[in-house]
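In what follows, a structure is listed as structure tokens, so that the remarks can point back to it.
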Amino acid sequence: MTMPWLTVLWLLPAVASAVVMFLPAARAHNAKVIGVGAALLVLVWSVIVAARFEPGGGRFQMTEDLSWIPQFGARYSLGLDSVGLALILLTAVLTPLLLLAGWRDADSTAAPSAITENGQGKSVHIYVALLLAVEAMVLMSFVATDVLLFYIFFEAMLIPMYFLIGGFGTAGPGVRAERSRAAVQFLLYNLFGGLVMLAAVIGLYVVAGRFSFESISTAVADGALEMSPTTQNLLFAGFVFAFAVKAPLWPLHTWLPDAAVSTTPAAAVMMMAVMDKVGTFAMLRFCIGLFPDASETFAPVLCTLAVVSIVYGAVMAIGQTDVMRLIAYTSISHFGFIVLGVFALTDQGHVGSTLYMVNHGISTAALFLIAGFLVSRRGSSLISDYGGVQRLAPVLSGTFLIAGLATLSLPGLGPFISEFLVLIGTFVRYPAAAVIASLALVLSAVYILWTYQRMMGGPAPDGADERITDLGVREKVVVAPLIVLLFVLGFFPRIILDFVDPAAPATTSTTANDGADR
């Protein structure tokens with residue numbers, strides 16, 4: 001019997017989540033240790049899986065296939081491709097760091113009714129369990145090759161994230177109300193997108209008679225499964241709408257800034273850097289793989305929306321007075337670059353968007369967490385409440401600058417090569433979009449450098465000397481791997497490119513023609 005590598009991958013955090021959730025109240029203080037230990041075990045298992053993966057081998061490796069709902073032809077089908085592997089490694093690396101970063105988050109937000117006799121918050125292990133549950137569902141989404149199975153986990157991950165947004169964050173009656181509104185907005189937007197996708201999933205089953213992604217995509221590519229242009233366009237629209245909400249893409253983005261600033265920094269990073277990648281990943285796999293002709297038809301529209309997202313997110317970031325909201329808007333801009341690379345429909349664009357997903361996850365995690373550490377010291381996220389931090393906390397301000405320079409794609413840091421590949425791949429087919437997106441890079445320099453100047457330079461505000469200290473040991477343990485990865489992927493991008501490159505022709509070959517030939 002072969003080892004079920006992929007089942008073990010997502011079951012490890014799922015089982016750990018259940019164990020932590022049902023810990024007795026007297027053992028609640030063990031939740032953090034169990035959570036970090038489980039997340040590290042997932043990281044080790046992911047590295048083993050990556051070592052077994054053969055670049056240039058079959059598109060889907062370590063496959064598993066079992067009957068699930070035979071009446072509908074739905075199967076428990078798992079398979080790992082190079083794009084999924086890159087995002088699995090990103091998820092596995094970030095999760096233990098996020099659990100460490102949020103080590104005290106639940107302690108400070110436990111409701112009075114959740115405090116037990118020994119002073120431990122019942123919410124501590126709920127918080128850890130919810131983060132692990134999100135990790136499990138995200139990992140499953142990256143390996144599910146049955147469309148119905150993917151859809152179930154695509155929707156299920158909304159539940160733990162809803163409770164993370166609504167249940168954890170800054171205390172206070174007014175803030176709690178804002179958290180509740182942000183959580184409901186997050187859920188309604190994503191549930192509506194999921195309902196539209198469900199209609200498309202049902203339509204796909206009616207047309208194809210099965211849910212197997214590999215079988216349907218092969219049949220479409222070979223011409224064995226014929227769909228009228230109208231049918232394919234409608235099904236594509238249903239899928240891409242849901243993924244654009246999750247990504248998020250303008251104008252379906254409005255839930256993200258409120259959700260990101262309402263919850264804890266660690267939970268916000270789990271949402272922006274990990275969970276939202278499922279949307280762009282699914283665009284690359286399902287939209288292009290299942291509906292190649294519709295992808296060609298809608299590519300100009302989606303590339304236009306992506307460029308709008310790039311410019312809009314950057315302009316809105318410049319105008320923010322809240323540093324956490326500013327970073328949230330930068331993610332909208334960066335997701336625009338990822339979507340632009342996906343629907344450029346070129347090899348360079350697809351490789352660049354995959355690499356961008358990884359680099360954005362690392363740079364956003366670093367920037368948001370460091371900003372969160374700073375906010376926790378001062379008790380305010382308003383940029384105007386800061387100044388002189390580089391004198392008070394040189395390590396904190398220095399790492400903030402590095403993470404900020406990574407978000408504006410400075411050469412030598414990870415995001416540069418991914419953004420470069422996206423722009424090159426886009427210029428082949430849509431030169432105007434590439435030029436506008438390139439000009440928007442100037443805006444990113446404005447919002448990062450201006451923010452650094454206002455917060456880290458100049459004189460310190462009254463009373464700041466006593467409250468702003470440098471990073472502690474735990475915080476350095478969280479930040480150091482992220483900064484190192486930004487430099488490593490900046491100078492050695494082939495670590496990811498070597499096994500992502502072979503996947504690009506597999507995706508672009510399903511479209512009518514490769515963009516490079518146009």
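Residue numbers run from 1 in the order of the sequence given. Note that these values count all heavy atoms, side chains included, but never hydrogens, waters or copies made by symmetry.
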Query - Heavy-atom side-chain proximity of F243 to V278 below 4.5 angstrom - result: no
Query raised in the report: Where is the tightest heavy-atom contact between A242 and F154, given as atom of each residue plus distance?
Result: O-CZ, 3.9 Å
Query raised in the report: Do K246 and L158 come close enough that some side-chain heavy atom pair is under 4.5 Å?
Result: yes
Query raised in the report: Mind checking whether M140 and I152 have side chains closer than 4.5 Å, heavy atoms only?
Result: no
Query raised in the report: When you check the side-chain N and O atoms of K277 and H360, is any donor under 3.5 Å from an acceptor?
Result: yes
Query raised in the report: Less than 4.5 Å apart, any side-chain heavy atom of V220 and any of P292?
Result: yes
Report task. Using distance alone, with no hydrogens and no angle criterion, decide if E64 and T7 have a side-chain donor and acceptor under 3.5 Å apart. Result -> yes
Query raised in the report: Looking at side-chain heavy atoms only, is the closest gap between T95 and T91 below 4.5 Å?
Result: yes
Query raised in the report: Do the side chains of T346 and T426 get nearer than 4.5 Å, heavy atoms only?
Result: no
Requested in this report: Find the distance between CG (L6) and CZ (F142) and round it off to the nearest 0.5 Å.
Outcome: 13.5 Å
Query raised in the report: How many angstroms lie between CZ in F186 and CD1 in I165, if you round to the nearest 0.5 Å?
Result: 4.5 Å
Report task. Look at the rings of F72 and Y205 and say which category their plane angle falls in: under 30° parallel, 30 to 60° tilted, over 60° perpendicular. Result -> perpendicular
Report task. Would you mind listing every side-chain hydrogen bond (donor to acceptor under 3.5 Å, both in side chains) that reaches into residues 143-161, with sequence neighbours excluded? Result -> none
Query raised in the report: Going by the angle between their ring planes, with limits at 30° and 60°, are W10 and Y76 parallel, tilted or perpendicular?
Result: tilted
**Report entry** Check ion pair R429-E296 (N to O, under 4.0 angstrom)
**Finding:** yes
Query raised in the report: Is T407 close to P415 at the side-chain level, that is, under 4.5 Å between some pair of heavy atoms?
Result: no
Query raised in the report: Under the side-chain contact (heavy atoms from CB on, under 4.5 Å) test, which residues partner F213, sequence neighbours left out?
Result: R59, F60, V147, S217, R285, F286, L290
Query raised in the report: What's the shortest heavy-atom distance between I332 and H253, and which atoms?
Result: CD1-CD2, 3.6 Å
**Report entry** Flag side-chain contact, heavy atom, 4.5 Å: L99 against K32
**Finding:** no
Requested in this report: Verify the distance criterion only: is there a donor paired with an acceptor across the side chains of Y127 and T264 at less than 3.5 Å?
Outcome: yes
Query raised in the report: Mind checking whether F491 and F487 have parallel, tilted or perpendicular rings, split at 30° and 60°?
Result: parallel
Requested in this report: Please check if atom CZ in F163 has more than 12 non-hydrogen atoms from other residues, nucleotides or ligands closer than 6.0 Å.
Outcome: no
